Amino acid sequence: MSMLKNPAQKYRPVLAFDFPERTWPAKKLTRPPVWMSTDLRDGNQALFEPMSIATKLEFFKTIVGIGFKEVEIGFPSASEIEFEFTRLLIEGGHIPDDVSIEVLTQARESLIRRTFESLRGARRAIVHLYNATSPVFRRDVFSKSADEVRELAVEHARLIRELAAAQPETQWVFQYSPETFSATEPEVALDVCNAVIAEWNATPQHKVIINLPATVEISTPNQYADQIEWMHTHLARRECVVLSVHPHNDRGTAVAAAELAMLAGADRVEGCLFGNGERTGNVDLVTLAMNFYAQGIHPGLDFSQIDKIAAQVERATRIPLHPRHPYAGSLVYTAFSGSHQDAIRKGFAVVRKNEFWEVPYLPIDPADVGRSYEAIIRVNSQSGKGGIAHLMETAHGITLPVAELPAFSRIVQAVADDSGLEINAEKIWEIFCATYEKSAPMTLLLQEQSGQGRHIKITLKRDDATITCEGEGSGPIEAFMNAIAMPVRLRHFEERSLGEDAHAEAMALVTLEDNASGALVMGMGRDRNSGTAALRAIVSACNRIGEVRSMRSEKMLEMSAP
């Protein structure tokens, strides 16, 4: 079946909600929410193969290590593994004193009683009750009226209160979710939530959590925010409620929905690391938390070793992280585009002088999440001279002369075009050496200096002939230039070590100007002796001048041909 030409004949907005009294658009986020990880419950249910107890324990420790103080650990009435895992955490002493575990249960007596069995002996626990409230569930799934749905919630909220009273050694927190809230009429959702709040006798000292899930994301984030603010302003005993949201990502806007919901009055957000969960997943807590961080607000969660966290999540879920995932993907701090690379390179040159982090195309400092700067700029056929210059500077410590950079960039790009592959720093170095270290037609065979380098005698091989010549100057380089007596002038010279130990080679770069054409040509030389490296660099540049002259002659012949 193909897509309909007029989808309005088949699809309609599930809920049209207008709230002109909204105030959230004028507000700004100034503090993070209470975070609740549902990786071990919602995220676990969404896997092809649910996690083993050992995997869940390892993952729990990772979640706690990040800084979560509330962790939904499972659905202990749903399976024996979930029950056993809950018992392991409690009996094994794996729950830190400042962390609350949370468990989910449907509004069914047998499941609620089994849930309380799993939590026996817990120091502090959140019992999360839910039942679906939207019209399609009331009509097609449960055949219940809105009043009957409310009474179902109240009846099981009462049972939870009674069972909690029988286990006074545990500090209990009660949570209720009207499942499919975002598709429920606001008045119906409010009626059910207020009835549950009353049944649990919520007080400012003993708050209850009212969680309003976008179980299926059915509208735009601003619509969800309107629903949240309406509930925020109409809930009874609002001062006795922690207002929580649980956005799913069916429309791909869960992060935006969560952010706007917080503007609208939400205190707490439930979700999963990297957005795992049923269908398209829950709101991505990593992206949401790092969005706060990028705006100068610490989220209270620690993602300074984001690669290790991502690896743990991938092991637990067996779902690979997308390379373009915000903040954590392998390529999110990488630029291939030439204009991007040039801007990043220039931004890095001045960032330490700025009060705030302001580097083009990098919203945060990659070092803050444990990334190095090595992979920020990578070169392929789409790259420009800025990226190539950056890799030469950062990987090899070589700053190419401005006049030489465009020509070398064209050479690298030609290689990238031919191969169709990425060109890494090692390959660029290989191309650099092949381009600038020319040993033909002229090669330095021997050099002897005297008079503190003011006199030099050299032996060169040119094609098949051996030439010996001598020269004098203020130092060995000037003496060498006078000895070879070529119509060139030295315009630039620099040298550096290619290693840190005593046996490292020296490298020299020279730029010569061809007196005949005015062209500036660079050459490179390497040797254990820095003086010899400099002379080899001059010979390389002279050889390249010959190549340049030859290419120019060929170009002139082409242009003059009929």
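Bear in mind the structure is a predicted one, so any value in this text is a computation, not a measurement.
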Count the heavy atoms belonging to other residues, nucleotides or ligands that lie under 6.0 Å from CD of Glu162, then report whether that count exceeds 12.
yes
I'd like to know if Glu102 and Arg268 make a salt bridge, using a cut-off of under 4.0 Å between side-chain N and carboxylate O.
yes
Mind listing the closest non-hydrogen atom pair of Glu314 and Ile319 along with its distance?
CG-O, 3.4 Å
Give a yes or no answer on whether the side chain of Trp35 reaches the backbone of Pro299 with a donor-acceptor pair at less than 3.5 Å.
yes
Looking only at non-hydrogen atoms, find the nearest pair between Gly329 and Leu321 and report the distance.
N-CD2, 4.4 Å
What's the spacing between Asp302 CG and Gln305 CD if we round to 0.5 Å?
8.0 Å
Tell me, do Asn211 and His128 make a side-chain contact under 4.5 Å, heavy atoms counted?
yes
One should read off an interatomic distance between Phe292 CZ and His298 NE2, to the nearest 0.5 angstrom, of 12.5 Å
Search all heavy atoms of Gly67 against all heavy atoms of Leu301 and return the closest pair with its distance.
C-CD2, 3.7 Å
Closest heavy-atom pair, Phe75 versus Thr105, reported as atoms and distance to 0.1 Å, is CE2-CA, 3.9 Å
Within the distance-only criterion (no hydrogens, no angle test), does the side chain of Thr170 pair as donor or acceptor with the backbone N or O of Ala122 below 3.5 angstrom?
yes
Is Arg113 salt-bridged to Glu117, cutoff N-O under 4.0 Å?
no
Taking the basic N atoms (NZ, or NE/NH1/NH2) and the acidic carboxylate oxygens, is any pair closer than 4.0 Å for Glu80 and Arg114?
yes
Apply side chain to side chain donor-acceptor pair (under 3.5 Å) to residues Asn131 and His156 and explain how you reach the verdict.
CA-CA 10 Å; Asn131 66 311; His156 292 89; over 6 Å; no
Flag the pair Phe60 / Leu40 as yes when at least one side-chain heavy-atom distance between them is below 4.5 Å, and no otherwise.
yes
Determine whether Val136 and Thr180 make a side-chain contact, defined as any pair of heavy atoms from C-beta on separated by less than 4.5 Å.
no
Do Phe19 and Trp24 have ring centroids that are under 6.0 Å from one another?
no
Run Leu129 and Ile112 through side chain to side chain contact (heavy atoms under 4.5 Å, CB included) and show every step you take.
CA-CA 9 Å; Leu129 172 70; Ile112 292 172; 4.1 Å; yes
Quick one: are Phe59 and Leu273 in side-chain contact, heavy atoms under 4.5 Å?
yes
Does CZ belonging to Arg31 count more than 12 external heavy atoms closer than 6.0 Å?
no
Cationic N near anionic O, under 4.0 Å, Arg138 to Glu185:
yes
Go through it in stages, so that I can follow the logic: the residues are Leu285 and Val283, the test is side chain to side chain contact (heavy atoms under 4.5 Å, CB included), and I'd like the CA-CA distance, side-chain angles, deciding distance and then a yes or no.
CA-CA 6 Å; Leu285 296 185; Val283 62; 4.1 Å; yes
Run the side chain to side chain donor-acceptor pair (under 3.5 Å) test on Glu278 and His248 for me, step by step, so that the C-alpha distance in whole Å, both residues' side-chain angles and the decisive distance to 0.1 Å come before the verdict.
CA-CA 8 Å; Glu278 294 283 6; His248 275 255; over 6 Å; no
Distance col, row Phe68:CZ vs Met36:CE, nearest 0.5 angstrom, shows 9.5 Å
Mind checking the CG-CG spacing from Leu104 to Leu111? Nearest 0.5 Å is all I need.
10.0 Å
Atom of Gly347, atom of Pro360 and distance for their closest heavy-atom approach:
CA-CD, 3.8 Å
Asn291/Tyr327 under side chain to side chain donor-acceptor pair (under 3.5 Å): CA gap, chis, key distance, verdict:
CA-CA 9 Å; Asn291 283 356; Tyr327 300 107; 2.7 Å; yes
To the nearest 0.5 Å, atom CD1 of Ile53 lies from atom CZ of Arg87 at 12.5 Å
Which of Val241, Leu243, Val173, Val127 passes side chain to side chain contact (heavy atoms under 4.5 Å, CB included) with Ile209? It is Val173
State whether Arg158 and Glu199 are salt-bridged, where the test is any N-O pair (Lys NZ or Arg NE/NH1/NH2 against Asp/Glu carboxylate O) under 4.0 Å.
yes
Side-chain contact test, heavy atoms from C-beta onward, threshold under 4.5 Å: evaluate it for Leu190 versus Trp230 and give yes or no.
yes
Fit a plane to each ring of Phe142 and Phe137, take the angle between them on a 0 to 90° scale, and name the class: parallel (under 30°), tilted (30 to 60°) or perpendicular (over 60°).
tilted
Show the numbers, then the answer: is there a side chain to side chain contact (heavy atoms under 4.5 Å, CB included) between Glu169 and Gln167?
CA-CA 6 Å; Glu169 70 278 9; Gln167 295 179 210; 3.9 Å; yes
Side chain Asn282, main chain Asn276, donor-acceptor under 3.5 Å
yes
Test side chain to side chain contact (heavy atoms under 4.5 Å, CB included) applied to Glu259 and Leu288, step by step:
CA-CA 8 Å; Glu259 291 179 331; Leu288 188 60; 3.4 Å; yes
Taking Asp97's backbone N and O only, do any of them form a donor-acceptor pair with Arg123's side chain (distance below 3.5 Å, no angle check)?
yes
Consider only side-chain N and O atoms of Asp368 and Tyr293, and report whether a donor and an acceptor are under 3.5 Å apart.
yes
Considering non-hydrogen atoms only, spot the tightest contact between Pro76 and Thr86 and give its length.
CB-OG1, 3.8 Å
With no hydrogens and no angle check, just 3.5 Å: does a side-chain donor-acceptor pair link Thr184 and Ser134?
no
For Arg237, look at atom CZ and say whether over 12 heavy atoms of other residues, nucleotides or ligands are found less than 6.0 Å away.
yes
Side chain proximity check, Ile210 to Phe174, heavy atoms < 4.5 angstrom
no
Lys/Arg N to Asp/Glu carboxylate O, Asp267 vs Arg238, below 4.0 Å
yes
Would you say that Glu217 contacts Asn249 through its side chain, given a criterion of any heavy-atom pair below 4.5 Å between the two side chains?
yes
Between Ser52 and Thr55, do the side chains contain a donor N or O and an acceptor N or O under 3.5 Å apart?
yes
Exactly one of Glu70, Glu72, Glu82, Glu270 should register a salt bridge (charged side-chain N to carboxylate O under 4.0 Å, His left out) with Arg41. Which one does?
Glu72
Around atom NZ of Lys346, are there more than 12 heavy atoms of other residues, nucleotides or ligands at under 6.0 Å?
no
So do the side chains of Phe181 and Thr215 get within less than 4.5 Å of each other, counting heavy atoms only?
no
NE2-CD distance between His246 and Glu179, expressed to the nearest 0.5 angstrom
9.5 Å
Can you tell me if NE2 on His206 sees more than 12 non-hydrogen neighbours from other groups inside 6.0 Å?
no
